[in-house]
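Accompanying notes for the structure given below.
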2 protein chains.
Amino acid sequence: MVTIVDVAKHAGVAPSTVSYVLTGKRPVSAETRMRVGESIRVLGYQPHAGARALAGSRTNVLALVLPLREGVHLPVVMRFASSVVTTAREHDMDVLLVTADEGAAGLRRVAGTSRADGFLVMDVGLDDERVPVLRDLGRPAVLLGHPTVANGLTCVDLDFEAAGARCVDHLVELGHRSIGFLGAPGAVYARNTGFAQRTLTGFSSAAMRRGVASTALPAERHRDAVRAVVRTLLGELTRMTALVVHNEAVLGWVVECLRAEGRRVPEDVAVVAICPDELAEQLRLTSVQLPADVLGRRAVELLMAKLNGQKPPALTLLPPKLFSRTGQAGPRLVVAPPPRQVG
Amino acid sequence: MVTIVDVAKHAGVAPSTVSYVLTGKRPVSAETRMRVGESIRVLGYQPHAGARALAGSRTNVLALVLPLREGVHLPVVMRFASSVVTTAREHDMDVLLVTADEGAAGLRRVAGTSRADGFLVMDVGLDDERVPVLRDLGRPAVLLGHPTVANGLTCVDLDFEAAGARCVDHLVELGHRSIGFLGAPGAVYARNTGFAQRTLTGFSSAAMRRGVASTALPAERHRDAVRAVVRTLLGELTRMTALVVHNEAVLGWVVECLRAEGRRVPEDVAVVAICPDELAEQLRLTSVQLPADVLGRRAVELLMAKLNGQKPPALTLLPPKLFSRTGQAGPRLVVAPPPRQVG
DNA sequence: GTGAAAGCGCTAACAC
DNA sequence: GTGTTAGCGCTTTCAC
């Protein structure tokens with residue numbers, strides 16, 4: 001194995017100089033920098049990560065905590081992970097994969113054994129045991145998917161309120177004046193902190209602002225329930241020409257029921273979904289997408305900022321991306337505004 | 001931070017003794033072991049991973065190289081990753097996530113900087129640039145998904161031949177005597193090393209062995225093409241009561257076309273698919289599943305064996321799992337034989 | 001069965 | 001702008 005001392009000898013400098021060339025933590029004359037660089041290349045030197053971590057107390061590793069078991073939509077998680085790794089590499093960081101199964105103990109272990117410098121935690125619950133632990137672990141962390149808390153922690157999430165509003169704006173611009181909303185099962189709206197609520201709020205206030213007629217209803221995950229809701233919506237909103245669906249589980253049935261009621265989709269009723277991209281793609285519906293790639297990138301950037309001693313905003317809400325899939329052409333990104341920041 | 005020296009002092013022993021208690025690399029009397037253990041607990045000692053790696057030249061980290069970009073079915077990758085992490089933790093290992101984007105350079109980097117002890121590489125191509133690199137990196141590696149090579153490397157894959165045969169056996173046991181096979185696009189069978197070929201081989205020889213009538217046809221990814229193939233199959237195999245489909249992209253259309261031809265599914269024509277579980281679940285079709293969980297577990301176990309100086313079989317073929325979804329009840333695992341090992 | 005001490009390869013004062 | 005050197009926290013001889 002070739003060490004820093006080998007490089008130093010080969011270049012005729014001190015080991016520390018090699019180190020400084022590598023880290024840039026102190027100025028090195030252009031000439032020696034070149035010579036050292038050459039030696040590094042010739043010898044194929046690669047610094048030992050462990051030794052570095054030991055001496056420098058930085059591992060250059062980020063821990064990524066993912067809910068790999070179930071619940072969450074797997075392709076979304078995957079895309080997010082992909083984006084995290086790519087962005088991390090741009091910052092010369094590696095990514096340690098940790099499953100949510102390990103719980104708070106996993107965080108303690110990774111921090112305690114100095115395996116990582118910071119944490120990226122996806123899908124943190126409303127009163128997650130990991131939040132207090134994360135706080136007194138003293139390592140920077142960024143939470144994703146549920147902007148539950150702000151207490152010193154940094155969060156990133158999709159701006160669901162904007163997502164709801166975006167659907168309305170898009171439809172209004174297409175000329176629709178009467179828009180329905182088919183949401184998650186009723187129980188989801190009960191615990192009123194959730195993203196479902198925020199989406200609905202965004203939808204409702206946008207409808208008010210735009211002065212269009214609207215009705216919102218929850219829908220259970222049964223085909224019959226969906227059929228009933230669709231009928232009710234068509235009954236209530238007799239001129240309804242558009243429907244926003246925020247319930248990926250029943251999306252297929254909604255379209256089916258509309259057709260069964262004699263409405264063509266999208267000619268008679270335009271459907272806009274808030275759901276993962278694959279699903280909308282498959283059903284060829286216009287949709288607001290969860291931008292997993294942006295989420296991942298942003299999360300890493302926030303974490304890097306914290307590692308560098310900066311104080312990024314406590315909450316970043318990413319703008320929803322609306323893809324139009326009405327024409328024969330491929331999906332078309334309609335607009336992409338900047339994120340909202342809070343705190 | 002609490003170090004090994006702190007623990008040693010607290011327990012009234014030498015640091016080396018603490019180390020040996022931890023690693024078990026030399027016998028320690030029951031009494032001191034207890035005392036040390038107690039001190040570790042009281043002080044909340046956690047060994048520094050970097051220091052360990054530096055002194056011991058083992059990182060206790062596995063590098064997991066995943067094709068995160070596209071192509072592969074994301075949920076399958078995710079499940080596999082999950083299984084890898086879980087199994088790795090059982091062996092007290094952590095997992096470093098690396099994307100295939102980094103290519104051979106990524107492997108060199110991870111090995112060169114001593115970030116990981118071994119590699120798990122998914123989706124290795126027929127003549128992948130990473131194979132030679134992996135070989136002379138001198139670190140144990142396990143390849144997944146394409147048993148391309150055997151040359152000193154260890155591979156794990158689904159036993160596609162058994163998968164094809166399994167479908168036939170299952171159908172024959174249900175009383176079917178005339179079985180069609182609708183496969184991948186023709187081009188896929190051209191490069192004859194692939195899994196498509198092996199599945200077909202398994203299907204055909206099982207049909208021969210069982211003495212049932214069979215016809216196999218490739219299918220392009222167009223609705224019309226699928227329709228034509230379905231018609232041809234029904235024409236050729238006039239008594240066809242079962243169809244094996246190894247083409248996930250057109251699976252939905254196959255069922256649709258069969259119904260359009262007046263055949264009820266599964267009453268008139270039983271369909272068995274070889275595809276990811278979600279898809280079969282969604283269409284409520286009996287299917288042979290890619291056992292991502294078993295794959296991940298087995299891969300880690302093989303890698304650990306190599307890390308411990310053992311010589312595991314060069315190729316392990318995992319038995320396909322067939323889930324029956326004909327009844328009203330949930331999916332039912334029909335059989336689960338042991339893996340095949342080669343070399 | 002246990003201890004003492006020499007590194008592992010690197011970083012970061014502290015010197016000049 | 002560069003060199004010297006003392007650790008970082010652990011493992012592992014070597015000695016008893």
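Lettering of chains follows the sequences in order, A, B, ..., and the numbering in each one begins at 1.
- Between the CD1 atom of I4(B) and the C1' atom of dG3(C) there is a distance of 13 Å, rounded to whole Å.
- A donor-acceptor contact shorter than 3.5 Å links the side chain of D6(B) to the backbone of T3(B).
- At least one side-chain heavy atom of H10(B) sits less than 4.5 Å from a side-chain heavy atom of V42(B).
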Any chance you could lay out the salt bridge (charged side-chain N to carboxylate O under 4.0 Å, His left out) test for D101(B) and R89(A), step after step, and finish with the verdict? CA-CA 11 Å; D101(B) 302 5; R89(A) 289 301 308 136; over 6 Å; no
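- With dG3(C), dT4(D), dG3(D) as the choices, the nucleotide that has an atom nearest any side-chain atom of P15(A) turns out to be dT4(D).
- The closest side-chain donor-acceptor pair between T86(A) and S83(A), if any, does not fall under 3.5 angstrom.
- The stretch residues 25-33 of chain B comes close to DNA chain D through K25(B), R26(B), each having a heavy atom under 4.0 Å from the strand.
- Note that CG of L96(B) is 9.0 Å distant from CZ of F119(B), once rounded to the nearest 0.5 Å.
- Rounded to whole Å, atom C1' of dC10(C) lies 15 Å from atom CD of Q46(A).
- Between the NZ atom of K9(B) and the C1' atom of dG9(D) there is a distance of 13 Å, given to the nearest Å.
- Atoms CE and CE, on M93(B) and M304(B) in that order, are 3.5 Å from each other to the nearest 0.5 Å.
- Residues of residues 50-58 of chain A that place a heavy atom closer than 4.0 Å to DNA chain D, in numerical order, are L54(A), A55(A).
- By the 4.5 Å heavy-atom criterion applied to side chains, V121(A) and V124(A) are counted as neighbours.
- Summarising the geometry, the separation between CZ on R35(A) and P on dG1(D) is reported as 14 Å, rounded to the nearest angstrom.
- For Y20(A), taking side-chain heavy atoms from C-beta onward, the closest of the listed nucleotides dC10(C), dT11(D), dA13(C) is dA13(C).
- Here the nucleotide nearest the side chain of Y45(B), chosen from dT11(C), dG3(D), dC10(D), is dC10(D).
- The interatomic distance linking N60(A) (CG) with dG9(C) (P) rounds to 19 Å, in whole Å.
- Spacing between atom CE of M1(A) and atom C1' of dC8(C) amounts to 9 Å, rounded to whole angstrom units.
- Residue S19(B) has no polar side-chain atom (N or O) positioned under 4.0 Å from OP1 or OP2 of dC10(D).
- With dA4(C), dC10(C), dG9(D) as the candidates, the nucleotide lying closest to the side chain of S16(B) is dA4(C).
- Each of V13(B) and V2(A) was matched to the nucleotide of DNA chain C holding its nearest heavy atom; the match closer to the 5' end belongs to V13(B).
- At the phosphate of dG3(C), OP1 or OP2 sits under 4.0 Å from a side-chain N or O atom of T17(B).
- No side-chain N or O of S16(B) forms a donor-acceptor pair with one of S19(B) less than 3.5 Å apart.
- You'll find the side chain of V300(A) reaches within 4.5 Å of the side chain of L120(A), heavy atoms only.
- Across the protein-nucleic acid pair, H48(A) atom NE2 and dC10(C) atom C1' stand 10 Å apart, rounded to whole Å.
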